[in-house]
Structures are given as C-alpha cells and as structure tokens.
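Structure first, commentary second.
Numbered from 1 within each chain, the chains take letters A, B, ... in sequence-line order. FYI, side chains are in, hydrogens and waters are out, and symmetry mates aren't considered; it's all heavy atoms of this structure.
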Amino acid sequence: MADITKRSEDYSRWYQDVIAAAELAENSPVRGCMVIRPNGYAIWESMQRQLDDRFKELGHVNAYFPLLIPKSFLAKEAQHVEGFAKECAIVTHSRLMTVVRDGKVTVEPDPASKLEEELIIRPTSETVIWNQYRKWIMSYRDLPLLINQWANVMRWEMRTRLFLRTTEFLWQEGHTAHATAEEARAETLQMLECYRWFAEDILAMPVVCGAKTPRERFAGAVETFSIEAMMQDNKALQAGTSHDLGQNFARAFDVKFQDAAGGQDYVWATSWGASTRLIGALIMCHSDDNGLVLPPRIAQRKVVIVPIWRNDDERALVMAKAAELRAALRPVAGLVHVDDRDNMRPGWKYGEWERKGMPIRIELGPRDVAEDKCVLVTRHDGQKFPTPLAGLAEAVAGHLERMQSELYAAAVARRTANTHRLETWGEFLALYNGAGGFAHCHHCGQDACEAAIQDETKVTIRNIPLGTPNEAGACIRCGQPSGRRVLFAQSY
RNA sequence: CGGGGCGUAGCGCAGUCCGGUAGCGCACCUGGUUCGGGACCAGGGGGUCGGAGGUUCAAAUCCUCUCGCCCCGACCA
C-alpha cells in the first residue's frame with residue numbers, strides 16, 4: 001500500500017493519495033472524466049438522499065430533461081452563451097462507419113450522418129428546461145413551478161482534478177418559475193440556506209453565504225449567491241450556488257403568464273446547483289494524513305466490527321456476538337459492516353478502515369466477549385474506548401454525535417484562525433504571500449480593480465457575505481470609498 | 001495551449017548515460033504456522049519495458065515522431 005503523502009509536504013498530492021487510498025475515484029480513459037468507485041459513489045448517494053429529501057420538504061419535485069440540447073438554444077440568452085460557449089462538447093454525427101486506414105480497421109464518423117443541427121451536451125440545463133416551461137406555464141395558477149433534476153453535465157475544462165473539476169460531473173439543478181421578483185428572490189435565498197444547512201449540519205463544513213460580484217456571477221443571472229468553505233490549505237471552495245435569474249430566461253424563451261387581473265408578464269426564475277464537487281470539499285475539509293475522515297451523518301456505513309480470533313472455536317464465538325451487536329446497532333447506526341475476512345490480520349484491517357474513513361471501528365475478540373465488552377475507536381481522533389456491550393448502542397450513538405460536532409467545531413476553529421480583517425494592501429500581500437486564508441476587506445466595487453487584484457495575487461472576491469453591515473472604508477487596493485467589506489480568498 | 005517532471009508486472013520503483021535473452025519490494029495464487037495495530041516460512045503465476053517508425057547481428061537502453069499521466073499557469077462548479 002502506497003503511503004499517503006503528508007499534507008504539510010504536498011497538499012495536492014495528499015488529496016489525490018486520499019482519493020486513491022480510500023478507493024473513491026480514479027481517472028478514466030477519457031481525459032478529465034472520472035470513474036466514481038463504490039466508496040465514492042456511496043458518499044454521493046448519501047448526499048443525494050439527504051438533499052433530495054430536503055428539496056421535497058420545500059415543495060420541489062424531480063423531473064428529467066435530455067442530455068442533448070439543440071445548438072441554437074444556447075444562443076438565445078446572450079450572457080449565457082458567452083459564459084458556456086467555450087466549454088461545450090458538440091455532437092455532430094449520428095453514426096460511425098468502419099474504414100481501413102494504412103491496413104488497419106478503424107471507425108470514423110459517417111459523413112452521410114452529419115446532423116443538420118448540431119447538438120450540445122448540456123453544460124447546464126436552463127435552456128432545455130425553459131423551452132419546456134414555455135408550454136407548461138400559462139397563468140399565475142401554474143406558478144410557482146418548482147422542479148429539480150439529478151443529472152450529469154459536461155464542461156470542457158482545461159485542467160481537471162478528481163471531484164473538484166471534471167469534464168463530466170454529477171449534480172442536481174433546481175429550476176423554478178415564479179410570478180414575482182420578490183418570490184423568486186425568496187426562493188433563491190431559501191435554497192442558499194438549504195445548501196448552508198447541508199454543508200454545516202450534514203457535512204460538518206462551515207460556509208460563508210453571500211452574493212457574488214458581477215464578474216463572478218452565473219452567466220445569465222441577475223444575482224448569484226454562493227456558499228464558500230475553507231479547505232485545510234486555506235483556499236476557498238465554492239460548494240454550492242443559487243441564482244436569481246430575473247426574467248432573463250423567460251424573455252429568451254418567451255415564457256409569459258397571465259396574472260389574476262388579466263395582465264401578462266414574463267415569469268421570474270431561479271436555478272441552484274450542487275455537484276460531486278462537494279465530495280472534494282468533504283475530503284479537503286476533514287481528512288488527515290491517515291486518509292479519509294467522514295462526518296457520521298454523511299457516511300453511508302458508520303460502524304465496522306473487526307472480529308478477532310485464533311481458532312475456529314473463537315471464531316464461532318466472536319462471530320455470533322458480532323451478529324448480535326450488528327442487530328443491536330442497526331437502529332442507531334444503520335447497516336453495520338462485519339469485517340470477517342480471514343486472509344488478513346486485525347491490524348491490517350484497522351489501517352484499511354482508517355484510510356477509508358469509517359467513523360467508528362469496534363474491535364471484538366475472545367477476551368472482550370468473555371468480559372462483555374469491546375474496544376470502540378473513533379476515526380477523527382483515534383481515541384480508543386473500552387465499552388460494555390450492554391450499552392453499546394447508546395455509546396455508539398453518543399460517539400457519532402460527538403464526532404459530528406467535534407469535526408464541525410474543528411473546522412470552525414481552523415477557519416476562524418485563518419480569517420482576518422485587513423486594512424492595507426501591504427497586509428493583504430503579506431497574507432497571500434504567506435499562509436493565505438479568508439480576508440474581510442473593503443473593496444470599491446469596481447470591476448477593473450477586482451480584476452487587477454486577481455491578476456496580481458490570484459485572490460478573488462469569494463462573495464459579499466449576507467448580513468455584512470454597512471461600514472464606510474477605503475478599498476484595500478485602490479483606496480476608493482467602500483460601503484462594506486467583502487470576503488477575499490484564493491480559491492479552487 | 002505554454003513551462004517542468006514522468007511512462008518498465010496490479011501498485012511503487014531499479015535498470016537507460018556506457019545496446020547483449022527484464023529485475024526488486026509490496027500485492028496476488030497454493031500449502032503450512034499465525035491472528036488484540038499493517039505476520040512468517042516454502043513454493044508459484046504474472047510484463048512483446050506507453051505506441052509507431054528508424055539505426056544495429058542485437059534496442060527498455062540510441063535517433064525521429066506520436067499518445068498519455070502528474071505538477072505550475074490561463075478557463076472554471
């Protein structure tokens with residue numbers, strides 16, 4: 001087993017090593033695409049289930065729209081096409097033909113099958129969805145329309161990194177239509193709050209909610225909001241976005257409704273998404289030099305029992321007890337895995353479950369069975385707790401809660417320690433030439449100034465945090481007047 | 001697309017400068033002894049050395065071209 005590179009040594013190597021060691025994902029034959037292995041997909045399933053339940057509680061329903069979009073659709077919203085045109089995969093033919101080239105049989109697109117209108121593989125689905133909404137929305141009684149879809153999308157990025165940025169990725173995209181601007185804005189903020197809840201309560205990852213600057217706004221949005229998390233290398237990661245689309249897409253796709261008074265207006269839209277990038281965020285927020293660390297609420301399997309034996313009698317004894325415990329833990333920890341492989345010794349299994357991020361490991365041997373106890377080990381801190389079997393379920397439930405809150409607390413503490421209020425450009429440069437982190441600073445709001453900061457330092461305005469008080473100040477870089485602070489960081 | 005590194009067994013690597021019948025560790029298979037933090041002994045299987053050309057009696061090694069991966073930058077959820 002290859003060692004995991006230390007975070008302090010090479011952070012991005014560490015990140016890749018953790019993914020490999022925990023068997024989460026690997027590169028595919030197609031550059032930029034990833035194979036999500038069962039351990040990685042289990043995390044995604046857990047994310048899907050919990051987000052989907054929440055979306056439905058908030059009144060949304062799921063639907064599915066096609067992968068392929070007519071090329072012309074993308075051109076209908078001017079900002080939108082500008083934002084996505086450079087990263088679209090295009091379908092041009094509908095079949096292949098075998099040909100012989102230099103004595104070798106190969107396949108090529110059949111020229112006779114060239115499509116009249118080329119198709120785009122969706123980079124996002126606003127256009128197909130709004131094309132359908134035109135047919136579905138006639139009156140205010142059809143509103144609001146609250147639809148989500150779980151799908152894959154493609155964006156042909158130049159440089160990719162497993163989970164953080166892949167050519168194809170999995171996500172959910174909510175697309176809602178409303179009768180008023182106020183209602184659309186409320187929906188946008190409600191879904192931002194939904195992502196905040198998911199990141200903080202489920203992933204134990206603190207985030208900053210805020211509005212994007214115009215330059216960082218989604219292509220076609222009136223306003224974009226994001227949640228921004230801090231990774232262990234002090235860089236920011238945008239972990240979810242929620243967009244107020246105004247009437248832009250309704251105009252582009254001619255989606256009007258009639259109100260109660262008989263007047264006509266374009267509908268107001270939102271869209272919001274979170275992707276498999278969240279898995280990357282999870283890894284970089286909590287994991288350590290021994291491998292993956294998963295907060296219990298997102299771990300599909302939370303407990304593994306490692307039985308220990310020396311002979312068949314002991315094996316029978318310990319396995320019977322393990323089966324009993326498995327049943328007893330079901331209500332508090334879900335499906336418990338009993339690692340009964342007999343071709344490796346316990347020590348090996350301990351290491352393996354640590355790499356894979358299993359929250360709790362229960363060691364159970366003949367001595368334990370004789371004494372009606374076991375050894376319980378929590379992944380995030382490596383602590384061992386001799387635990388009586390009588391109260392095991394309660395103990396496990398307690399440890400799971402403790403892990404969840406300690407992981408969150410540790411992430412908050414790390415973020416607090418690396419978040420600063422800066423007043424001068426010198427301080428700003430010092431921070432980002434050094435440790436980096438989050439910086440709350442005044443900014444003039446000028447796009448050129450924001451661009452200059454990015455050019456000079458790779459630092460961007462992550463967002464303008466919600467609830468930021470008005471406060472007179474001078475722009476961190478140019479000194480022009482500023483009305484409030486914004487959040488700066490280097491980001492993924 | 002620019003700069004840097006690298007492609008040899010499933011993984012990690014040596015061998016390349018100086019051409020001569022492909023090796024090491026781990027993993028894997030069989031048998032035995034083991035089993036409370038990464039066991040040990042014995043035996044065994046597995047690679048046309050990223051690909052294509054070329055030079056040569058002979059190429060992992062030299063030459064040309066190509067493909068891919070990783071890191072840094074530009075693009076981005």
Base, sugar-phosphate, or nothing: which does [X] touch, judged by heavy atoms less than 4.0 Å apart?
X: A/Thr166; answer: base
X: A/Arg13; answer: nothing
X: A/Leu164; answer: base
X: A/Glu352; answer: base
X: A/Lys212; answer: nothing
X: A/Gln238; answer: sugar-phosphate
X: A/Phe218; answer: nothing
X: A/Glu26; answer: nothing
X: A/Asp342; answer: nothing

Can a side chain N or O of [X] be found less than 4.0 Å away from OP1 or OP2 on [N]?
X: A/Gln454; N: B/A74; answer: no
X: A/Arg345; N: B/A39; answer: yes
X: A/Lys349; N: B/G36; answer: no
X: A/Asn311; N: B/U34; answer: no

Any strand counts, and the cut-off is 3.5 Å on both contacts for Watson-Crick or G-U wobble. Which nucleotide pairs with [N]?
N: B/U33; result: B/A39
N: B/G2; result: B/C72
N: B/G47; result: none
N: B/U56; result: none
N: B/G23; result: B/C13
N: B/C18; result: none
N: B/G7; result: B/C67

Exercise. Kindly point out which of B/C69, B/A74, B/G36 is positioned nearest to the side chain of A/Asn27?
Key: B/C69

Practice problem: Choose from B/C71, B/C35, B/C75 the nucleotide whose nearest atom is closest to any side-chain atom of A/Met158. | Solution: B/C75

Exercise. Please state the C1' separation for the pair B/U56 and B/A14 - nearest whole angstrom.
Key: 26 Å

Quiz prompt | Atom C1', compared across B/G51 and B/G68: separation rounded to whole Å | solution = 10 Å

Exercise. Give the C-alpha distance, both sets of side-chain angles, the deciding distance and a yes or no for ring pair (Phe, Tyr, Trp, His ring centres under 6.0 Å) between A/His175 and A/Phe249.
Key: CA-CA 11 Å; A/His175 296 273; A/Phe249 283 89; 8.4 Å; no

Exercise. Using the six-membered ring wherever Trp is involved, compare the ring planes of A/Trp14 and A/Tyr11 and label them parallel, tilted or perpendicular (cut-offs 30° and 60°).
Key: tilted

Practice problem: Indicate the ring-plane relationship of A/Phe428 and A/Trp425, choosing parallel, tilted or perpendicular according to the 30° and 60° boundaries. | Solution: parallel

Quiz item: Just wondering, do A/Val222 and A/Leu245 contact through their side chains at under 4.5 Å, heavy atoms?
Solution: no

Would you mind reading off the distance between [X] atom [atom1] and [N] atom [atom2], rounded to a whole angstrom?
X: A/Arg161; N: B/C71; atom1: CZ; atom2: C1'; result: 10 Å
X: A/Trp309; N: B/U34; atom1: CH2; atom2: C1'; result: 13 Å
X: A/Met34; N: B/C69; atom1: CE; atom2: P; result: 16 Å

Quiz item: Does NZ or CZ of A/Arg161 lie under 6.0 Å from the centre of the six-membered ring of A/Tyr492, at an angle within 45° of the ring axis?
Solution: no

Exercise. Assess whether atom CG of A/Asp312 is packed by more than 12 heavy atoms of other residues, nucleotides or ligands within 6.0 Å.
Key: no

Quiz prompt | Gap separating the CZ atom of A/Arg7 from the OG atom of A/Ser12, nearest 0.5 angstrom | solution = 14.0 Å

